[in-house]
Protein chains: 2
Amino acid sequence: MKKSKTRFAVLGILSYGPMSGYDIKKFYEQNVAGFWSESYGQIYPILKRLATEGLATRSVHKQEGKPDRHIYALTAKGLEELQQWLVAPTGRHIGRHETLLKLMFGQQISLAQNIRQIERFRDRQKGELTEIEALKQRFQQEEVEDPNMPFWQLAFSYGEHVNRAYIKWAEEAIATLREMEPKAPVSTSPKVRYSIHC
Amino acid sequence: MKKSKTRFAVLGILSYGPMSGYDIKKFYEQNVAGFWSESYGQIYPILKRLATEGLATRSVHKQEGKPDRHIYALTAKGLEELQQWLVAPTGRHIGRHETLLKLMFGQQISLAQNIRQIERFRDRQKGELTEIEALKQRFQQEEVEDPNMPFWQLAFSYGEHVNRAYIKWAEEAIATLREMEPKAPVSTSPKVRYSIHC
DNA sequence: TAGAGCATGTAATAGGTTACATGATTAG
DNA sequence: CTAATCATGTAACCTATTACATGCTCTA
């Protein structure tokens with residue numbers, strides 16, 4: 001059976017301070033959009049479970065004009081479970097990369113169309129790189145004394161390294177494709193190989 | 001509603017030639033392990049659907065001593081649908097990156113333990129890089145005249161670029177963490193911040 | 001003789017997203 | 001006046017993995 005990491009994503013974010021489900025969602029959306037996401041359908045039931053299991057405490061904060069906030073705070077037991085996960089070896093997870101998958105079947109469309117796809121990919125990653133730089137700036141200005149800062153910096157650095165690699169690969173790939181002479185036009189019947197050596 | 005890409009992963013692989021569900025699974029396992037995977041529970045039902053929808057034809061190949069092979073071949077209609085997907089813009093997909101997520105909560109464990117995790121990540125990616133090089137060699141030797149070759153090369157190049165970036169980031173991150181003086185020991189009660197500016 | 005490979009397939013289960021319900025307030 | 005923000009929560013749905021059933025052959 002496969003273990004969900006959402007539980008730890010929630011537990012972990014609670015280590016930043018007491019929070020509501022709404023806050024957690026917002027945090028992942030606004031700050032970690034690049035490599036993690038969570039939906040309400042997961043967050044709220046998990047928070048409830050964490051409370052019944054004694055890993056977090058729940059308190060209701062009344063507000064006027066706005067709905068009540070249900071604030072969850074990590075307990076010592078919750079921290080312990082979080083720490084156990086943090087030090088445990090991380091299993092490798094195969095992310096599905098749609099652009100690369102499409103490229104595997106690039107034979108079935110024209111060179112120009114393949115280039116178009118890689119350009120789209122490159123442009124998206126360029127945008128992401130810009131966003132990361134902006135976020136980095138914002139964080140360095142606003143949260144100077146936060147003890148988590150060094151780790152956020154590492155995450156930003158990761159985003160920079162990886163996105164630069166994406167962009168460099170894309171540029172090279174586009175150049176390679178451009179150099180290939182556009183031979184036979186795209187077929188309307190499958191181009192098949194009748195022997196695959198597996 | 002969210003659209004599954006498995007359908008196209010199957011359709012696409014059939015563009016390489018007529019194949020069985022077993023072959024498809026093997027292909028993804030052995031050649032594309034880095035960025036895509038499929039399970040029988042998905043493949044077989046989809047093949048059945050493709051046949052009823054006229055996107056693929058099915059023929060049974062009897063064997064002695066072994067179970068029959070159900071071979072599926074792409075039809076013109078199937079190729080058309082594949083091509084439509086191949087040229088359509090690719091939506092961005094947020095892969096969940098467990099090592100990075102753990103790093104976000106690195107405050108809750110020791111510096112040494114954080115370094116340990118990044119080292120594990122680095123070593124895994126080093127292994128992956130080695131595998132990619134080996135696969136690249138094997139492909140270049142065995143399948144010289146395959147028309148899909150240039151696209152496979154691009155996929156290999158992608159793997160090299162990205163894994164080198166992973167490794168470089170990891171080395172830098174480890175160096176950064178090593179330079180940080182190991183201050184207060186790890187807490188057994190949550191280190192919290194009571195203000196998060198969102 | 002135990003296990004791996006061949007080969008197809010399904011059922012149970014887990015994981016996750018989306019849409020909806022509720023309802024007040026505030027900004028454009 | 002419309003849309004967004006605040007805020008919690010659930011039900012329906014889709015996607016995907018795992019385990020199992022079947023059964024033969026070949027290898028260690």
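Look at A/Gln63 and you'll find a side-chain N or O under 4.0 angstrom from OP1 or OP2 of D/dA7. The phosphate of D/dT15 (OP1 or OP2) has no side-chain N or O of A/Arg96 nearer than 4.0 angstrom. Between A/Tyr44 and D/dT8 there is a side-chain N or O to OP1 or OP2 distance below 4.0 Å. Look at B/Arg7 and you won't find any side-chain N or O under 4.0 angstrom from OP1 or OP2 of D/dT15. For D/dA16, one of the phosphate oxygens OP1 or OP2 lies less than 4.0 angstrom from a side-chain nitrogen or oxygen of B/Thr6. Considering only side-chain N and O atoms, A/Ser37 lies under 4.0 angstrom from the phosphate OP1 or OP2 of C/dT17.
Among residues two or more places apart in sequence or in another chain, the side-chain contact (heavy atoms from CB on, under 4.5 Å) test is passed with A/Lys168 by A/Glu172, B/His161. Among residues two or more places apart in sequence or in another chain, the salt bridge (Lys or Arg N to Asp or Glu O under 4.0 Å) test is passed with B/Arg124 by none.
Residue pairs meeting the ring pair (Phe, Tyr, Trp, His ring centres under 6.0 Å) criterion with at least one member in residues 40-84 of chain A, sequence neighbours excluded: A/Tyr40-A/Tyr44. Every pair passing ring pair (Phe, Tyr, Trp, His ring centres under 6.0 Å) that includes a residue from residues 78-109 of chain B is listed here, sequence neighbours excluded: A/Tyr16-B/Phe105, A/Tyr158-B/His97, B/Phe8-B/Trp85, B/His97-B/Phe121.
Rounded to a whole Å, the NZ atom of A/Lys25 is 12 Å from the P atom of C/dA19. Between B/Ile94 atom CD1 and D/dT15 atom P the separation is 17 Å, expressed in whole Å. Going from atom NZ of B/Lys3 over to atom P of D/dT15 covers 8 Å, rounded to whole Å. Counting to the nearest Å, the P atom of C/dG9 and the CD atom of B/Glu38 are 16 Å from each other. In this structure, CD1 of A/Ile24 is placed 14 Å from C1' of D/dG9, rounded to the nearest angstrom. The CG-C1' distance, from B/Asp68 to C/dG5, rounds to 17 Å in whole Å. Between A/Asp23 atom CG and D/dT5 atom P the separation is 15 Å, expressed in whole Å.
Closest to the side chain of B/Tyr40, from the set C/dT8, D/dT5, C/dT17, is C/dT8. Closest to the side chain of B/Pro45, from the set C/dG16, C/dC6, C/dT10, is C/dT10. Listed nucleotides C/dG9, D/dT8, C/dC6 differ in distance to A/Ser20; the shortest reach to its side chain belongs to D/dT8. Distances from the side chain of B/Gln42 to the nucleotides C/dG9, D/dC6, D/dT15 place D/dT15 closest. Listed nucleotides C/dT17, C/dC6, D/dC6 differ in distance to B/Tyr22; the shortest reach to its side chain belongs to C/dC6. Candidate nucleotides D/dA7, C/dA7, D/dT17 were compared by shortest atom distance to the side chain of A/Arg69, and D/dA7 ranks first. Side-chain proximity of A/His70 to the nucleotides C/dT8, D/dT8, C/dT10 is greatest for D/dT8.
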For this session: Start with the C-alpha distance between B/Arg7 and B/Leu50, add both sets of side-chain angles, then the distance that settles side chain to side chain contact (heavy atoms under 4.5 Å, CB included), and finish with yes or no.
Result: CA-CA 8 Å; B/Arg7 181 185 174 80; B/Leu50 291 180; 4.1 Å; yes

Problem set entry | Derivation of the side chain to side chain contact (heavy atoms under 4.5 Å, CB included) call for A/Asn31 and A/Phe139 | CA-CA 10 Å; A/Asn31 307 312; A/Phe139 264 64; 3.8 Å; yes

For this session: Please step through side-chain hydrogen bond (donor to acceptor under 3.5 Å, both in side chains) for the pair B/Thr90 and A/Glu98, ending with a clear verdict.
Result: CA-CA 7 Å; B/Thr90 302; A/Glu98 203 179 337; 4.5 Å; no

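Between the side chains of A/Gln117 and A/Arg120, at least one donor N or O sits under 3.5 Å from an acceptor N or O.
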Find every protein N or O atom lying less than 3.5 Å from an N or O atom of nucleotides 25-28 of chain D, and list the pairs.
none

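If you check residues 48-62 of chain B against DNA chain D, you find no residue with a heavy atom closer than 4.0 Å.
Here the side chains of A/Leu47 and A/Ile24 are in contact, with some heavy-atom distance below 4.5 Å.
Taking both residues in full, the closest heavy atoms of B/Thr75 and B/Gly54 are given as OG1-O, 2.8 Å, listed atom of the first, atom of the second, then distance. Contact between B/Ala155 and A/Met104 at its shortest, heavy atoms only, is CB-SD, 4.4 Å.
The residue among A/Ser4 and A/Pro67 whose nearest nucleotide of DNA chain C lies closer to the 5′ end is A/Ser4.
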